[in-house]
There are 2 protein chains.
Amino acid sequence: MEIVISNAPFNRAAALSLRQATFVTERGIPRDVEFDDRDTPERLYVVAYQRAELPVGTLRLEPQSDTQMRFGRGCTSQTVRGQGIGSQVLQAGENWATAHGFAVGIIDGELTAKTFYERCGYHVVGEPFTEDGAPVVTLTKNL
Amino acid sequence: MEIVISNAPFNRAAALSLRQATFVTERGIPRDVEFDDRDTPERLYVVAYQRAELPVGTLRLEPQSDTQMRFGRGCTSQTVRGQGIGSQVLQAGENWATAHGFAVGIIDGELTAKTFYERCGYHVVGEPFTEDGAPVVTLTKNL
(Lines give C-alpha, C1' and ligand atoms only; values in the text may rest on other atoms or scores of the structure.)
Protein backbone atom coordinates (compact mmCIF):
# COMPACT_ATOMS: atom_id res chain seq x y z
CA MET A 1 0.00 0.00 0.00
CA GLU A 2 1.32 3.41 -1.05
CA ILE A 3 -0.23 6.58 0.35
CA VAL A 4 0.27 9.83 -1.57
CA ILE A 5 -0.68 13.27 -0.23
CA SER A 6 -0.40 15.70 -3.12
CA ASN A 7 -2.14 18.06 -5.50
CA ALA A 8 -0.44 16.39 -8.49
CA PRO A 9 -2.84 15.89 -11.43
CA PHE A 10 -2.63 12.10 -11.17
CA ASN A 11 -3.48 12.15 -7.48
CA ARG A 12 -6.45 14.46 -7.99
CA ALA A 13 -7.69 12.24 -10.84
CA ALA A 14 -7.45 9.19 -8.57
CA ALA A 15 -9.34 10.96 -5.76
CA LEU A 16 -12.08 12.16 -8.09
CA SER A 17 -12.42 8.73 -9.71
CA LEU A 18 -12.92 7.05 -6.32
CA ARG A 19 -15.57 9.62 -5.37
CA GLN A 20 -17.28 9.28 -8.76
CA ALA A 21 -17.55 5.51 -8.25
CA THR A 22 -18.52 5.58 -4.57
CA PHE A 23 -20.60 8.67 -3.99
CA VAL A 24 -22.15 9.31 -7.41
CA THR A 25 -22.45 5.97 -9.24
CA GLU A 26 -22.86 3.69 -6.20
CA ARG A 27 -24.66 5.96 -3.74
CA GLY A 28 -26.54 8.27 -6.09
CA ILE A 29 -25.37 11.62 -4.69
CA PRO A 30 -26.00 14.22 -7.43
CA ARG A 31 -22.84 14.75 -9.50
CA ASP A 32 -22.97 18.54 -9.20
CA VAL A 33 -23.25 18.27 -5.41
CA GLU A 34 -20.40 15.78 -4.96
CA PHE A 35 -17.90 17.78 -7.03
CA ASP A 36 -17.81 21.31 -5.69
CA ASP A 37 -15.72 24.46 -5.82
CA ARG A 38 -13.31 23.07 -3.22
CA ASP A 39 -11.85 20.65 -5.79
CA THR A 40 -9.35 23.28 -6.90
CA PRO A 41 -5.99 22.56 -8.56
CA GLU A 42 -4.26 23.48 -5.28
CA ARG A 43 -6.34 21.10 -3.14
CA LEU A 44 -4.44 18.33 -1.36
CA TYR A 45 -5.86 14.81 -1.51
CA VAL A 46 -4.80 11.76 0.42
CA VAL A 47 -4.94 8.70 -1.84
CA ALA A 48 -4.09 5.09 -1.00
CA TYR A 49 -2.88 2.96 -3.91
CA GLN A 50 -2.94 -0.83 -3.82
CA ARG A 51 -0.69 -0.63 -6.88
CA ALA A 52 0.48 2.53 -8.66
CA GLU A 53 -2.31 2.12 -11.19
CA LEU A 54 -5.03 1.14 -8.68
CA PRO A 55 -6.22 3.81 -6.20
CA VAL A 56 -8.46 2.36 -3.48
CA GLY A 57 -9.06 5.04 -0.83
CA THR A 58 -9.13 8.81 -0.57
CA LEU A 59 -9.71 11.81 1.69
CA ARG A 60 -9.77 15.57 1.03
CA LEU A 61 -7.81 17.96 3.25
CA GLU A 62 -9.87 21.10 3.99
CA PRO A 63 -8.12 23.54 6.34
CA GLN A 64 -10.72 25.51 8.34
CA SER A 65 -8.18 27.75 10.10
CA ASP A 66 -4.50 27.66 11.01
CA THR A 67 -5.20 25.01 13.63
CA GLN A 68 -8.33 23.18 12.47
CA MET A 69 -8.27 20.65 9.65
CA ARG A 70 -11.46 19.19 8.25
CA PHE A 71 -11.22 15.76 6.63
CA GLY A 72 -13.83 15.45 3.91
CA ARG A 73 -15.08 13.25 1.09
CA GLY A 74 -13.48 10.11 2.50
CA CYS A 75 -14.26 6.86 0.73
CA THR A 76 -12.85 3.43 -0.07
CA SER A 77 -13.38 1.28 -3.17
CA GLN A 78 -16.30 -1.09 -2.76
CA THR A 79 -14.13 -4.13 -3.51
CA VAL A 80 -11.66 -3.53 -0.67
CA ARG A 81 -13.86 -2.27 2.18
CA GLY A 82 -13.44 -3.71 5.65
CA GLN A 83 -9.66 -4.06 5.29
CA GLY A 84 -8.68 -1.01 7.32
CA ILE A 85 -7.85 1.19 4.34
CA GLY A 86 -10.13 4.00 5.49
CA SER A 87 -8.41 4.26 8.86
CA GLN A 88 -4.95 4.19 7.23
CA VAL A 89 -5.96 7.02 4.92
CA LEU A 90 -7.37 9.04 7.82
CA GLN A 91 -4.25 8.38 9.90
CA ALA A 92 -2.08 9.63 7.03
CA GLY A 93 -4.20 12.77 6.78
CA GLU A 94 -3.90 13.34 10.53
CA ASN A 95 -0.13 12.87 10.40
CA TRP A 96 0.12 15.44 7.60
CA ALA A 97 -2.06 17.85 9.58
CA THR A 98 -0.05 17.62 12.81
CA ALA A 99 3.22 17.99 10.87
CA HIS A 100 1.82 21.22 9.46
CA GLY A 101 0.67 22.73 12.76
CA PHE A 102 -2.96 21.64 12.88
CA ALA A 103 -4.16 20.68 16.37
CA VAL A 104 -7.78 19.66 15.80
CA GLY A 105 -9.38 17.32 13.28
CA ILE A 106 -13.01 17.85 12.23
CA ILE A 107 -15.22 15.43 10.32
CA ASP A 108 -18.80 15.84 9.20
CA GLY A 109 -19.48 12.13 9.06
CA GLU A 110 -22.54 10.23 7.98
CA LEU A 111 -24.36 8.79 10.97
CA THR A 112 -23.74 5.29 9.61
CA ALA A 113 -19.96 5.90 9.90
CA LYS A 114 -20.06 7.34 13.43
CA THR A 115 -18.77 4.16 15.06
CA PHE A 116 -15.87 4.01 12.61
CA TYR A 117 -14.81 7.57 13.44
CA GLU A 118 -15.20 6.96 17.17
CA ARG A 119 -12.83 4.01 16.87
CA CYS A 120 -10.40 6.45 15.22
CA GLY A 121 -10.55 8.67 18.32
CA TYR A 122 -13.23 11.17 17.29
CA HIS A 123 -16.04 12.45 19.53
CA VAL A 124 -19.44 13.67 18.44
CA VAL A 125 -20.17 17.36 19.02
CA GLY A 126 -23.68 18.74 18.68
CA GLU A 127 -26.78 17.20 17.20
CA PRO A 128 -27.14 15.25 13.93
CA PHE A 129 -28.18 17.29 10.90
CA THR A 130 -29.07 16.54 7.30
CA GLU A 131 -26.59 17.13 4.48
CA ASP A 132 -27.30 16.20 0.86
CA GLY A 133 -30.20 14.09 2.13
CA ALA A 134 -28.22 11.99 4.61
CA PRO A 135 -28.07 12.31 8.42
CA VAL A 136 -24.68 13.65 9.44
CA VAL A 137 -22.87 14.30 12.72
CA THR A 138 -19.87 16.50 13.39
CA LEU A 139 -16.98 14.81 15.17
CA THR A 140 -13.70 16.23 16.40
CA LYS A 141 -10.39 14.93 17.70
CA ASN A 142 -7.40 16.57 19.32
CA LEU A 143 -4.58 15.52 17.02
CA MET B 1 -27.77 8.70 -23.38
CA GLU B 2 -26.90 12.25 -22.35
CA ILE B 3 -23.81 13.96 -23.77
CA VAL B 4 -22.35 16.91 -21.86
CA ILE B 5 -19.60 19.19 -23.20
CA SER B 6 -18.43 21.34 -20.33
CA ASN B 7 -15.65 22.29 -17.97
CA ALA B 8 -17.98 21.90 -14.97
CA PRO B 9 -16.31 20.13 -12.04
CA PHE B 10 -18.66 17.14 -12.27
CA ASN B 11 -17.93 16.68 -15.97
CA ARG B 12 -14.18 16.88 -15.45
CA ALA B 13 -14.43 14.35 -12.61
CA ALA B 14 -16.38 11.99 -14.86
CA ALA B 15 -13.82 12.35 -17.67
CA LEU B 16 -10.89 11.76 -15.34
CA SER B 17 -12.57 8.76 -13.71
CA LEU B 18 -13.12 7.09 -17.10
CA ARG B 19 -9.48 7.67 -18.05
CA GLN B 20 -8.28 6.42 -14.66
CA ALA B 21 -10.22 3.18 -15.15
CA THR B 22 -9.39 2.67 -18.84
CA PHE B 23 -5.90 4.01 -19.41
CA VAL B 24 -4.27 3.65 -16.00
CA THR B 25 -5.94 0.75 -14.17
CA GLU B 26 -6.91 -1.38 -17.19
CA ARG B 27 -4.13 -0.53 -19.66
CA GLY B 28 -1.27 0.29 -17.31
CA ILE B 29 -0.32 3.70 -18.73
CA PRO B 30 1.70 5.47 -15.99
CA ARG B 31 -0.58 7.72 -13.92
CA ASP B 32 1.71 10.75 -14.25
CA VAL B 33 1.77 10.36 -18.04
CA GLU B 34 -1.99 9.95 -18.47
CA PHE B 35 -2.89 13.02 -16.40
CA ASP B 36 -0.94 15.97 -17.76
CA ASP B 37 -0.86 19.75 -17.65
CA ARG B 38 -3.63 19.98 -20.23
CA ASP B 39 -6.21 18.85 -17.67
CA THR B 40 -6.74 22.44 -16.57
CA PRO B 41 -9.91 23.78 -14.90
CA GLU B 42 -10.80 25.50 -18.20
CA ARG B 43 -10.47 22.35 -20.33
CA LEU B 44 -13.62 21.17 -22.09
CA TYR B 45 -14.46 17.48 -21.93
CA VAL B 46 -17.10 15.58 -23.85
CA VAL B 47 -18.73 13.00 -21.59
CA ALA B 48 -21.50 10.53 -22.41
CA TYR B 49 -23.71 9.49 -19.49
CA GLN B 50 -25.83 6.35 -19.57
CA ARG B 51 -27.56 7.81 -16.51
CA ALA B 52 -26.71 11.09 -14.76
CA GLU B 53 -24.64 9.16 -12.22
CA LEU B 54 -22.98 6.79 -14.72
CA PRO B 55 -20.48 8.27 -17.21
CA VAL B 56 -19.48 5.79 -19.92
CA GLY B 57 -17.46 7.63 -22.57
CA THR B 58 -15.23 10.69 -22.85
CA LEU B 59 -13.05 12.81 -25.11
CA ARG B 60 -10.84 15.85 -24.47
CA LEU B 61 -11.07 18.94 -26.69
CA GLU B 62 -7.59 20.32 -27.44
CA PRO B 63 -7.62 23.31 -29.80
CA GLN B 64 -4.36 23.44 -31.80
CA SER B 65 -5.15 26.71 -33.59
CA ASP B 66 -8.24 28.75 -34.48
CA THR B 67 -9.19 26.16 -37.09
CA GLN B 68 -7.67 22.86 -35.95
CA MET B 69 -9.18 20.84 -33.11
CA ARG B 70 -7.39 17.84 -31.70
CA PHE B 71 -9.55 15.17 -30.07
CA GLY B 72 -7.58 13.43 -27.36
CA ARG B 73 -7.81 10.91 -24.52
CA GLY B 74 -10.92 9.25 -25.91
CA CYS B 75 -12.15 6.14 -24.13
CA THR B 76 -15.27 4.14 -23.34
CA SER B 77 -16.07 2.08 -20.23
CA GLN B 78 -15.03 -1.52 -20.63
CA THR B 79 -18.55 -2.78 -19.87
CA VAL B 80 -20.22 -0.87 -22.71
CA ARG B 81 -17.73 -1.11 -25.56
CA GLY B 82 -18.90 -2.05 -29.03
CA GLN B 83 -22.20 -0.19 -28.66
CA GLY B 84 -21.27 2.88 -30.71
CA ILE B 85 -20.68 5.16 -27.73
CA GLY B 86 -17.18 6.14 -28.91
CA SER B 87 -18.45 7.35 -32.27
CA GLN B 88 -21.33 9.27 -30.64
CA VAL B 89 -18.87 11.02 -28.34
CA LEU B 90 -16.57 11.86 -31.25
CA GLN B 91 -19.51 13.12 -33.32
CA ALA B 92 -20.56 15.39 -30.46
CA GLY B 93 -17.02 16.73 -30.21
CA GLU B 94 -16.94 17.37 -33.96
CA ASN B 95 -20.29 19.16 -33.83
CA TRP B 96 -19.03 21.41 -31.04
CA ALA B 97 -15.87 22.11 -33.04
CA THR B 98 -17.66 23.08 -36.26
CA ALA B 99 -20.11 25.25 -34.32
CA HIS B 100 -17.09 27.11 -32.91
CA GLY B 101 -15.31 27.68 -36.22
CA PHE B 102 -12.95 24.70 -36.34
CA ALA B 103 -12.54 23.21 -39.81
CA VAL B 104 -10.15 20.30 -39.25
CA GLY B 105 -10.18 17.47 -36.73
CA ILE B 106 -6.91 15.83 -35.68
CA ILE B 107 -6.48 12.59 -33.76
CA ASP B 108 -3.30 10.88 -32.64
CA GLY B 109 -4.88 7.45 -32.49
CA GLU B 110 -3.47 4.14 -31.40
CA LEU B 111 -2.80 1.91 -34.39
CA THR B 112 -5.32 -0.60 -33.02
CA ALA B 113 -8.05 2.06 -33.31
CA LYS B 114 -7.14 3.17 -36.86
CA THR B 115 -10.05 1.31 -38.47
CA PHE B 116 -12.49 2.85 -36.02
CA TYR B 117 -11.33 6.37 -36.85
CA GLU B 118 -11.38 5.64 -40.59
CA ARG B 119 -15.01 4.58 -40.27
CA CYS B 120 -15.59 7.98 -38.63
CA GLY B 121 -14.20 9.70 -41.73
CA TYR B 122 -10.56 10.22 -40.72
CA HIS B 123 -7.54 9.64 -42.96
CA VAL B 124 -4.05 8.69 -41.88
CA VAL B 125 -1.35 11.29 -42.48
CA GLY B 126 2.32 10.40 -42.14
CA GLU B 127 3.98 7.36 -40.65
CA PRO B 128 3.17 5.58 -37.39
CA PHE B 129 5.20 6.66 -34.36
CA THR B 130 5.51 5.55 -30.77
CA GLU B 131 3.83 7.47 -27.93
CA ASP B 132 3.90 6.31 -24.32
CA GLY B 133 5.06 2.92 -25.58
CA ALA B 134 2.22 2.33 -28.04
CA PRO B 135 2.27 2.67 -31.87
CA VAL B 136 0.25 5.72 -32.89
CA VAL B 137 -0.87 7.27 -36.18
CA THR B 138 -2.06 10.80 -36.83
CA LEU B 139 -5.40 11.06 -38.61
CA THR B 140 -7.28 14.11 -39.85
CA LYS B 141 -10.75 14.94 -41.14
CA ASN B 142 -12.25 17.99 -42.77
CA LEU B 143 -15.15 18.73 -40.46
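In what follows, chains are A, B, ... by sequence order, proteins preceding strands, each numbered from 1.
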Give a yes or no on this: more than 12 heavy atoms of other residues, nucleotides or ligands lie within 6.0 Å of atom NZ of B/K141.
yes

Neighbour count >12 (heavy atoms, 6.0 Å) for atom CD, B/E127
no

Heavy-atom pair with the smallest gap, counting every atom of B/E53 and A/Q20
O-NE2, 3.4 Å

Looking only at heavy atoms, which two atoms of A/T25 and B/P55 are closest? And how far apart?
OG1-CD, 4.3 Å

With clusters defined by side-chain heavy atoms of hydrophobic residues (ILVMFWY) lying less than 4.5 Å apart, directly or transitively, does [Y] cluster with [X]?
X	Y	answer
A/I85	A/Y122	yes
B/L16	A/V47	yes
A/L59	A/L44	yes

Atom group of [X] that falls short of 4.5 Å from chain B, counting heavy atoms:
X	answer
A/A8	neither
A/D32	both
A/R12	side chain

Under 4.5 Å, counting heavy-atom pairs only, tell me which of B/R31, B/R19, B/R51, B/R27 racks up the most with chain A.
B/R31

